[in-house]
Amino acid sequence: PAACRWCEEQGACNLEEVLENLDDFAEALSLDQPDLERLQRYARVTAVTLITDEARVEGAVGTIDATPSTLHEVQSDSLAADMASSFHANAVKAVTGKLSAGVCYAKCLSAWKAGNTQEAKRWFDDFEAADGRPRLLLIQAAGMAGDCAAAERCFAALVEKEGSPLSPANALIDAYAKAGDMTRAEARFEELLSGPDSPDTNSFGAMLNGFAGEGNVDKAEEWFRKMTKVGLKPNILRYGELLRCYENANPPQGGKASEILSLMDRALTGMIDRGEPPSKTTIQIVIDAHTRAGRTDRAKQLRYSM
């Protein structure tokens, strides 16, 4: 599906990595006007679920009219619609006074980013209670809450529902990474994706993102090599995860980081040369990388090109 190709180009692996560009997504799907309007309507609601700033989440409750944010883990056209519509049904405070499932997810993410696993677990429980239908977001929220048993349960339910295990497997591996259990993440990768269900770049992205958070250079490089060995070409997001690992290493690997940043620039130039205009999302990822490296002139140059 077109959504899969768009996701592959962006390397959409998990929520933190993806800076949503609704225009790019809609263009990739070649939607007719009614479907485009429906997607835009869903996106306005879905935005409530994906705002990571706590204050903006609070302000979004009951208002809905928010700027479209990240469309997370768009692995199929039907999944995109299912994810958006599920939050549409829960996007405002219901008559019962309960928070929407989307706000619960955003609160869970915010707590996880703050290192508060206990608070993340509370919001995951609220999320599941508000709308416990199996989906990728629920699997990842379980990982943020450190509840890998719940992640496995949600994974099994989603595979039973959809039939295809690849996207759920990617989400489960990412859940273990978010829970800080990279040993189990590696084991599940080998168990789930070593047979007929071949891994895609998002599968490796989950592993790279986990080791990047730890600053574990040896393991990140090992999995990066595994990705290329199976014939998957690194995209800008995969380079970005390896870059973040070098930045988080103790001590930071400045030389290697500089090399990866050059590869990101080269990949961006290659897209343009091939007549594949990079999305604003892709350019922003490279801008952020240059900004962190203190290369403000290059960041400004890229920003003006958007």
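The first residue in the sequence is number 1, and the count goes up from there.
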Please check this pair: side chain of [X] against backbone of [Y], looking for a donor-acceptor N/O pair closer than 3.5 Å.
{"X": "Thr291", "Y": "Ile287", "value": "yes"}
{"X": "Asp147", "Y": "Ala150", "value": "yes"}
{"X": "Ser258", "Y": "Gly255", "value": "no"}

To the nearest 0.5 Å, what is the distance between [atom1] on [X] and [atom2] on [Y]?
{"X": "Ser167", "Y": "Asn202", "atom1": "OG", "atom2": "CG", "value": "7.5 Å"}
{"X": "Leu138", "Y": "Cys104", "atom1": "CG", "atom2": "SG", "value": "11.0 Å"}
{"X": "Phe224", "Y": "Met207", "atom1": "CZ", "atom2": "CE", "value": "14.5 Å"}
{"X": "Asn235", "Y": "Thr201", "atom1": "CG", "atom2": "OG1", "value": "4.5 Å"}
{"X": "Ile236", "Y": "Thr281", "atom1": "CD1", "atom2": "OG1", "value": "11.0 Å"}
{"X": "Leu172", "Y": "Gln140", "atom1": "CG", "atom2": "CD", "value": "10.0 Å"}

Considering non-hydrogen atoms only, spot the tightest contact between [X] and [Y] and give its length.
{"X": "Phe155", "Y": "Ala169", "answer": "CE1-N, 3.5 Å"}
{"X": "Ala257", "Y": "Tyr246", "answer": "N-CD1, 3.7 Å"}
{"X": "Met144", "Y": "Trp112", "answer": "O-CD1, 3.4 Å"}
{"X": "Ala220", "Y": "Leu208", "answer": "O-CD2, 3.3 Å"}
{"X": "Asn248", "Y": "Ala212", "answer": "ND2-O, 2.9 Å"}
{"X": "Ile139", "Y": "Ala175", "answer": "O-CB, 3.5 Å"}

Inspect the contact between [Y] and [X] and indicate whether a charged nitrogen and a carboxylate oxygen are less than 4.0 angstrom apart.
{"X": "Glu222", "Y": "Lys219", "value": "yes"}
{"X": "Arg188", "Y": "Glu191", "value": "yes"}
{"X": "Lys107", "Y": "Glu119", "value": "no"}
{"X": "Lys256", "Y": "Glu247", "value": "no"}

Evaluation steps, salt bridge (Lys or Arg N to Asp or Glu O under 4.0 Å), between Glu162 and Arg135: CA-CA 10 Å; Glu162 295 194 345; Arg135 66 187 103 162; over 6 Å; no

Candidate pair Ile285 and Met264, rule side-chain contact (heavy atoms from CB on, under 4.5 Å), full reasoning: CA-CA 9 Å; Ile285 291 168; Met264 293 175 73; 4.1 Å; yes

Stepwise side chain to side chain donor-acceptor pair (under 3.5 Å) check, Thr117 with Arg122: CA-CA 9 Å; Thr117 303; Arg122 183 172 74 86; over 6 Å; no

side-chain contact (heavy atoms from CB on, under 4.5 Å) evaluation trace for Glu221 with Cys245: CA-CA 9 Å; Glu221 290 180 338; Cys245 185; over 6 Å; no

Pairwise side-chain contact, [X] with [Y], heavy-atom cut-off 4.5 Å (strictly under):
{"X": "Leu242", "Y": "Leu263", "value": "no"}
{"X": "Ile173", "Y": "Glu186", "value": "no"}
{"X": "Asp265", "Y": "Arg298", "value": "yes"}
{"X": "Leu302", "Y": "Leu268", "value": "yes"}
{"X": "Pro277", "Y": "Ile272", "value": "no"}
{"X": "Arg184", "Y": "Cys148", "value": "no"}

Single-linkage hydrophobic cluster Val230~Leu166, side-chain heavy atoms < 4.5 angstrom: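 Yes.
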
Working for side-chain contact (heavy atoms from CB on, under 4.5 Å), residues Asp297 and His290: CA-CA 9 Å; Asp297 288 344; His290 278 287; over 6 Å; no

Worked check of side-chain contact (heavy atoms from CB on, under 4.5 Å) between Gln301 and Arg295: CA-CA 10 Å; Gln301 180 186 31; Arg295 300 179 180 182; over 6 Å; no

Lys300 atom NZ, neighbour heavy-atom count above 12 within 6.0 Å: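 Not more than 12 within 6.0 Å, no.
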
Glu160, CD atom: more than 12 neighbouring heavy atoms under 6.0 Å: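 Check fails, neighbour count at 12 or below.
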
Test salt bridge (Lys or Arg N to Asp or Glu O under 4.0 Å) applied to Arg292 and Asp288, step by step: CA-CA 6 Å; Arg292 294 197 307 273; Asp288 291 344; 5.5 Å; no

Proximity of Phe204 and Phe189 rings by center, below 6.0 Å: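 Centroid separation for Phe204 and Phe189: below 6.0 Å.
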
All side chain to side chain donor-acceptor pair (under 3.5 Å) counterparts of Gln253, not counting sequence neighbours: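 Testing Gln253 for side chain to side chain donor-acceptor pair (under 3.5 Å), a comparison that skips the adjacent residues, returns none.
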
Ser203: which of Leu193, Leu192, Leu232 passes side-chain contact (heavy atoms from CB on, under 4.5 Å):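 Result: among Leu193, Leu192, Leu232, Leu193 is the only option passing the side-chain contact (heavy atoms from CB on, under 4.5 Å) with Ser203.
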
Pair Tyr176-Glu152, side-chain donor/acceptor within less than 3.5 Å: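 Their side chains do contain a donor-acceptor pair, which is all the 3.5 Å distance test asks for.
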
Results of side-chain contact (heavy atoms from CB on, under 4.5 Å) for Ala141 - residues two or more places apart only: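 side-chain contact (heavy atoms from CB on, under 4.5 Å) check on Ala141 returns Tyr105, Cys108, Phe124, Phe127.
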
